[in-house]
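First comes the structure, then the notes that go with it.
Counting from 1, the numbers follow the sequence of the chain as shown. Ligands are counted one by one from 1 in listed order, and the atoms in each one are counted from 1 as well.
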Amino acid sequence: MAMKMNFIDLQAQYKELKDEITQAMDQVLDSCQFINGPDVAGLEKEMSEFCGTKHGIGVSSGTDALYIALMALGIGPGDEVITTPFTFIATAEVVSLLGATPVFADIDDKTLNIDPSKIEEKVTEKTKSIIPVHLYGQCADMDAILALAEKKGIPVIEDAAQAIGSEYKGKRACSMGTMGCLSFFPSKNLGCYGDGGMIMTADSDLSVKLQQLRNHGQDKKYSHKYIGVNGRLDTLQAAVLRVKLKYLEKALDARVRLADRYSAELKDVVNVPFREEHNRHVYNQYTIRTPDRDKLQQHCLDNGVPIAVHYPMPLHLQESFKSLGYKEGDFPVAEKAAKEVMSLPMFPEMTEEQQDIVIKTIKSLKV
Ligand SMILES: *Cc1c(COP(=O)(O)O)cnc(C)c1O
């Protein structure tokens with residue numbers, strides 16, 4: 001009987017780093033500095049270097065990173081924020097939570113990222129931000145997005161939750177927009193042992209505001225300049241992340257190697273991920289496309305190969321966004337992608353033997 005395969009194997013990485021991580025956590029426990037301990041500032045500095053920007057502001061999740069970034073721009077009722085309908089719900093959810101309106105623009109058929117040519121027609125006087133998502137670990141077409149944003153004077157927030165370490169024309173994710181948001185959810189490319197996130201920015205004034213907003217809008221002890229939130233990053237999580245960050249480049253390279261191997265083996269059977277020549281794709285997900293998705297997915301599951309679908313329903317068709325008034329057919333490219341995508345098992349410690357099982361299983365489906 002073959003070993004059960006995991007979609008991602010968090011234990012494999014934990015086993016490798018266990019001693020170092022335990023030691024880092026013990027230090028936090030011994031110090032009892034659970035809130036804003038030195039590891040938080042340490043990680044913020046290391047992350048800003050890693051992303052090629054100036055400031056990092058640790059927060060309690062990727063969702064809070066987006067939420068607080070929008071708060072810092074003063075976004076609220078009456079405002080509009082343009083984003084992709086083909087993403088995780090958090091990207092647009094935070095816009096609605098602030099009382100503003102998410103406005104969707106369809107995606108590019110090849111990269112599945114927001115299509116810059118579809119953004120301009122959505123811009124109104126109410127547009128206060130654009131949030132491109134670097135889906136699966138590949139940057140959106142930032143030159144075109146930034147050119148349009150600059151022309152209209154609209155700040156760009158990169159949703160880089162899946163794209164830590166990815167590059168667009170040599171620039172790192174989170175170094176291009178006004179702010180960039182990261183998630184340290186365990187399944188992301190740099191994951192902690194619970195929830196965590198970070199906002200990156202080169203703007204020093206904004207960085208101060210973000211630090212205050214995540215901490216009840218506090219500028220001095222018990223003096224509150226803004227209505228803020230309790231959105232800090234735990235010291236324990238920062239300590240875990242500082243250990244893992246040391247091995248991140250190696251892990252990203254392993255993902256790229258595995259992805260290239262998948263693509264070489266599968267390119268004649270399914271549509272393998274399209275990577276723009278100038279992009280470093282970091283494959284948080286290795287996501288293929290096929291019109292026979294449901295059949296292939298079932299075939300894989302029947303043969304013990306776990307599959308995930310990112311995402312089966314675009315956001316404009318979600319019940320939670322019904323009040324926005326969208327309908328089926330509004331974003332045909334996103335709707336088609338939602339029917340065709342499926343993500344294959346992918347984690348840096350995956351062996352070639354494990355990968356061969358996935359490849360063989362996919363090739364064995366007679367359609
Ligand atoms: C994971 C994710 C988020 C949210 O991050 P959390 O840390 O889970 O709150 C936001 N956007 C995208 C694209 C994501 O993949």
inquiry  = Are there over 12 heavy-atom neighbours, none belonging to Q11, within less than 6.0 Å of that residue's CD?
reply    =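 Incorrect, the count does not exceed 12.
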
Per-atom contacts, ligand 1 versus [X] - under 4.0 Å to a heavy atom:
| X | result |
| --- | --- |
| T87 | 13 (C) |
| V133 | 13 (C) |
| A161 | 2 (C), 3 (C), 10 (C), 11 (N), 12 (C), 14 (C), 15 (O) |
| A90 | 4 (C), 10 (C) |
| G62 | 5 (O), 6 (P), 7 (O), 9 (O) |
| T91 | 11 (N) |
| S183 | 5 (O), 6 (P), 7 (O) |

request  = Return the option from I131, D159, L182 holding the heavy atom at the smallest distance from atom 13 (C) of ligand 1.
outcome  =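 Result: the heavy atom closest to atom 13 (C) of ligand 1 is in D159.
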
inquiry  = For atom 8 (O) of ligand 1, which of the options F185, Y67, Y311 provides the nearest non-hydrogen atom?
reply    =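 Considering heavy atoms of F185, Y67, Y311, the nearest to atom 8 (O) of ligand 1 sits in F185.
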
Taking [Y]'s backbone N and O only, do any of them form a donor-acceptor pair with [X]'s side chain (distance below 3.5 Å, no angle check)?
| X | Y | value |
| --- | --- | --- |
| T287 | S343 | no |
| K244 | G191 | yes |
| S61 | D195 | no |
| R255 | P348 | no |

ask   = Is D268 paired with K363 through a side-chain N to carboxylate O contact shorter than 4.0 Å?
value =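 Judged by the 4.0 Å cut-off on N to carboxylate O distance, K363 and D268 do not form a salt bridge.
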
request  = In plain terms, say whether E44 and R214 are close enough for a salt bridge, that is, a side-chain N and a carboxylate O under 4.0 Å apart.
outcome  =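 The answer is yes: the pair qualifies as a salt bridge.
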
query = Quick one: does H134 get within less than 4.0 Å of ligand 1, heavy atoms only?
reply =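 It does not; every heavy atom stays at 4.0 Å or beyond.
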
Shortest protein contact, [atom] (heavy atom only):
| atom | value |
| --- | --- |
| atom 2 (C) of ligand 1 | K188 NZ, 2.6 Å |
| atom 9 (O) of ligand 1 | T63 OG1, 2.5 Å |
| atom 15 (O) of ligand 1 | Q162 NE2, 2.8 Å |

request  = Show your reasoning for whether side chain to side chain contact (heavy atoms under 4.5 Å, CB included) applies to Y136 and R275.
outcome  = CA-CA 11 Å; Y136 306 145; R275 177 181 64 82; over 6 Å; no

inquiry  = Would D64 count as being in polar contact with ligand 1, using the rule that some N or O on each side must be under 3.5 angstrom apart?
reply    =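 Not met; the criterion fails.
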
request  = Kindly compute the distance separating CD1 (I68) from CD1 (I157), expressed to the nearest 0.5 Å.
outcome  =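 One finds 11.5 Å between CD1 of I68 and CD1 of I157.
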
